[in-house]
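Encoded as C-alpha cells, the structure appears first; notes follow it.
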Number of protein chains: 2
Amino acid sequence: MAVTIKDVGKVANVSPSTVSRVLANHPKISEATKRKVREAMEKLGYHPNLQARSLVVKSTNTIGIVMPNSAELALENPFFPEVLRGISLKARESHYGIYLTTGASTDEIYQEVVQMVQGKRVDGIILLYSKTNDYIMDYLLKEQFPFTVIGRPFINAERITYVDNDNIYITKQITDYLLGLGHTRIAFVGANMEMVYTIDRLQGLQQSLEQAEVSFDERFVVYDTQLKNGMKEQFSKLLQDPHPPTAIVAADDFVAIELISYAEDLKIAVPEDISIVGFNNIIIGKYIKPSLTTVDINIYQLGVEAAKYLLQLLKEDDFVPRRITVPAKIVERKSCCRKTM
Amino acid sequence: MAVTIKDVGKVANVSPSTVSRVLANHPKISEATKRKVREAMEKLGYHPNLQARSLVVKSTNTIGIVMPNSAELALENPFFPEVLRGISLKARESHYGIYLTTGASTDEIYQEVVQMVQGKRVDGIILLYSKTNDYIMDYLLKEQFPFTVIGRPFINAERITYVDNDNIYITKQITDYLLGLGHTRIAFVGANMEMVYTIDRLQGLQQSLEQAEVSFDERFVVYDTQLKNGMKEQFSKLLQDPHPPTAIVAADDFVAIELISYAEDLKIAVPEDISIVGFNNIIIGKYIKPSLTTVDINIYQLGVEAAKYLLQLLKEDDFVPRRITVPAKIVERKSCCRKTM
DNA sequence: CTGAAAGCGCTTACAG
DNA sequence: CTGAAAGCGCTTACAG
C-alpha cells in the first residue's frame, strides 16, 4: 500500500487535516509543525495521490491536446513535435501535465474528447487544428469547456480564443514576392479545403493577384484530393497546360520538396523553369538543392501562445476571448528566381 | 454540478450501487433494471467521473510516455510522431489514454516521472529511448513500476521488457553492403555515445570490418559532441585526412542529408566520391538528390510493440520480461555506389 | 438480483 | 494554529 496522509499524520503526531495543510503550505500552520510533518513525509517517502486531490478540488492540472487524426500521415510532418515543444514549455512552467488524444478517425477523437471532458481528465483543451466543419469544436463550445485552438475557427471565432498566423497577409506577401519576380501564372498545390488555413492562404493569394490586376486561374489550384492520384501525375498535368504556371505556392515544405524532386525527373529546372515556395520552414529545407524558399510560421510560438492563453483562461473568471497572431516570415532561399521567358 | 451516479439512481429508482453495477455491465443485474438505469443516464446525460473511479479501482487506464528531453531538438525528427502513432493504436484498442512528460532536462523529466508514478496518474510507462546512464530507468526498476522501453537497456536488460531493432546486426549488414561496394575506409558520423543504439551500431560496424579483416580507424568516428562545432567543419576536416573515408554511415537521415548538402558545397560528388547511408527512412529521403540509401528501422512497429507488451504486462501477474526485436531493413537508393578509385 | 455501508486519499468549511 | 467531520464520485464486499 502506498503511504497516505494518515500515515504521515500518525508519525508526525498531527491530524490528516494538518498534513494536508502543510502540503498546501497553508500560512496558518506553524513553522514547527511544518518541519515536523515534512520530516515525516521524507521519512516515509510520502507522495500525494493526485487523483484523490483532483477529485475534491475539481481540477486535474492537466491539459488535453487534440491532434488531427493520426491515421492521416499528418503527423509525419514536424508540425506536431514542434508545437508540442511550445505547449510543453508553458505547461511545465505552471506544473500542468499533458494528456493526448489518440484517435484515428474524427469519430474516435470525438469520443475521446467527450471522455476527457466528462470523465474529468483534463481542465482544458488545445485543438491543434481548425477545420471548416468540426463537431468537436462545436461540442466544446456547447459544453462551455475551456479550450484554445491553433488556427482560425471557421465559425464562432469571436467566442473563441485562438492563435494563428495571419495567413491571408503572409500568403499575399509571398505572392507579391513571386509577382515581383515577374511571375503571373502562379499555382497553388496541395490545397486541403477542409483546413481553414488553406482557405485563408488561397484568399491571400487571390488578393495579391487582384491588386496586381492579374487574373486568377482556377485550374491552377491543385487539391490534395487530386494529389491522391499521384502528385507526380498531377504535377505533369499542370505543366502540360498551354500556358503553364511558372511559380508554385505549395501547401507545405513536404509538398514543395516532392515537387522539386519530380521537376528534376521531368527535366524541368527549379528555379529557372519554375519557382517553388513552401510553408513551415522545416530544417531540411536548408539542405536540399535548390535550398527551399519558404514561410516560417513559427510553429513553436504557436504552441507557446496556445498554452499560455489556455492557462490564463483557466485562471481568470472574466477572461474574454481573443485572437493571438503569431508573426510569420518569408525565408528567402534558392527555389525561386526571376521569370526567364 | 455534473450529474452523478446518485442522480441517476434517483431517477431510475435504484441505489447508486446498482447504477455502478450497470455501468460495469455486471451480469447479475436484470435486463429490466439495466434498461431503466440506462434510460436515466441517457436522459440526464450522465458520464462517469473517471477520477473517482480510478481512486477506488486503483488504475487509471492511462499510460505515461517519457520522451527524451524536449530541449534538445531530438523532436525535430519524425521519430516521435511516428512512434506515437504506433503506441496510440494499441492504447486506443484497449481504451487507454496517453499522458506525456514535458521536461526540458533530465532532472525535470525525472521529477515528472516521480509525479506520474507516485501521484498515480498512470498505470505504466513507456520509455522512448535508452541511455547508458539513466536514473529514470533505475527509479522505475527500484519502484517495480510497470514499464517497457524502446531500445536496449544498458544494464538490467534481463529484468526489463524492451523493444528494439537488432542494431548490431543491421549495421553489420549495411557495412557489409559498403564493403561489398569496395569501400574499406568507412566513417561513422554523428555518434551519440550516451545512446545505447549508437553503441550497438558502432559494434555492428566493427564486427563487419573485423570479419572482412579491414582495420577500423578510430579517427573515422565523428561524435555528436564534435558536431556541435559545425558539422560542415568536421566533415571537411574528415575529408582532409591523407586517406579520407570513401563511405559514411550517418547517425540518421537528417545527418545524412546535411552531409550530402555539404558535400555539394565542397564539390564532392555523392555517391561518386563518397557514399552515404542514413537511418530511419524518413519520407523525404526518397525525394532528395541523390535519393538516400537508408535503414528503415520501422519506428511505427517499435511503438506498437512497446505499447502492446506494456499493456500485457499490466494485465498479467506472471508476465516475464522479454526482448522484442523489430526487423529493420536496408532501403537501397542512390546515395551509395561502387568505390571509384 | 439489489441495497446499505464502508472506503479510496484527499480538502475544507466549521469550531475551538 | 489545529482537529473532527463531511464530502468529492465512485466501487465492492457483505448481507439479504
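Keep in mind that what you see is a predicted model, and the values were worked out from it rather than measured. Proteins come first, then strands; the chains are lettered A, B, ... in the order of their sequence lines, and each starts at number 1.
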field: 5' priority, DNA chain D, between B:Y46 and A:N13 [closest heavy atom]
entry: A:N13

field: Parallel, tilted or perpendicular, as decided by the 30° and 60° cut-offs, for the rings of A:F80 and B:F80
entry: parallel

field: d(CD, B:Q51; P, D:dG9) in whole Å
entry: 11 Å

- request: State, without any angle test, whether A:S94 and A:R92 hold a side-chain donor-acceptor pair at a distance under 3.5 Å.
  value: no

field: Atom-to-atom span, CG of B:N25 to C1' of D:dT11 - whole angstrom
entry: 16 Å

statement: Quick note, A:V56 side chain, CB onward, closest among D:dC10, C:dT11, C:dT2 is C:dT11

message: Using heavy-atom distances to pick each residue's nearest nucleotide on DNA chain D, tell me which of A:T33 and B:L50 is more 5'.
response: A:T33

message: For a quick check of understanding: with a heavy-atom distance under 4.0 Å over all strands, which category does A:H47 fall into, base, sugar-phosphate or nothing?
response: sugar-phosphate

- prompt: Are A:E39 and A:K36 within salt-bridge range, i.e. N to O under 4.0 Å?
  reply: no

task: Would you indicate, yes or no, if D:dT2 has its OP1 or OP2 atom less than 4.0 angstrom from a side-chain nitrogen or oxygen of A:T18?
output: no

- prompt: Just to confirm, is there a sub-4.0 Å distance from OP1 or OP2 of D:dG9 to any side-chain nitrogen or oxygen of B:T4?
  reply: no

task: Quickly work out the B:K10 NZ to D:dC10 C1' distance and round it to whole Å.
output: 15 Å

query: Atom NZ of A:K6 to atom C1' of D:dG3: distance rounded to whole Å?
result: 15 Å

statement: Which of D:dC10, D:dA4, C:dC8 is nearest the side chain of A:S15? It is D:dA4

task: Quickly work out the B:H26 NE2 to D:dC10 P distance and round it to whole Å.
output: 18 Å

message: For a 4.5 angstrom cut-off between non-hydrogen side-chain atoms, does B:R53 reach B:L23?
response: no

- prompt: Choosing from C:dT12, D:dG9, C:dA5, which nucleotide comes nearest the side chain of B:S17?
  reply: C:dA5

- request: Scan A:S30 against the nucleic acid and name what it touches under 4.0 Å (heavy atoms): base, sugar-phosphate only, or nothing.
  value: sugar-phosphate

field: Beyond-backbone contact of A:L127 with A:I150, side-chain heavy atoms, under 4.5 angstrom
entry: no

statement: Among C:dT2, C:dT11, D:dG9, the one nearest any side-chain atom of A:L55 is D:dG9

- request: Using atom CD1 of A:I5 as one end and atom C1' of C:dT12 as the other, report the distance to the nearest whole Å.
  value: 12 Å

query: Under 4.0 Å between a side-chain N/O of B:K58 and OP1 or OP2 of C:dG9, yes or no?
result: yes

- line: Per nearest nucleotide of DNA chain C, the residue lying toward the 5' end, B:A52 or B:R21, is B:R21

query: How many angstroms lie between atom CD1 of A:I160 and atom CG of A:L141, to the nearest 0.5 angstrom?
result: 5.0 Å

statement: Atom CG of B:D7 and atom C1' of D:dG7 are separated, to the nearest Å, by 15 Å

- request: Rounded off to whole Å, could you give me the NZ-to-P distance for the A:K28 and C:dA15 pair?
  value: 15 Å

- prompt: Taking a pair as Watson-Crick or G-U wobble with both distances under 3.5 Å, which nucleotide is matched to C:dG16?
  reply: D:dC1

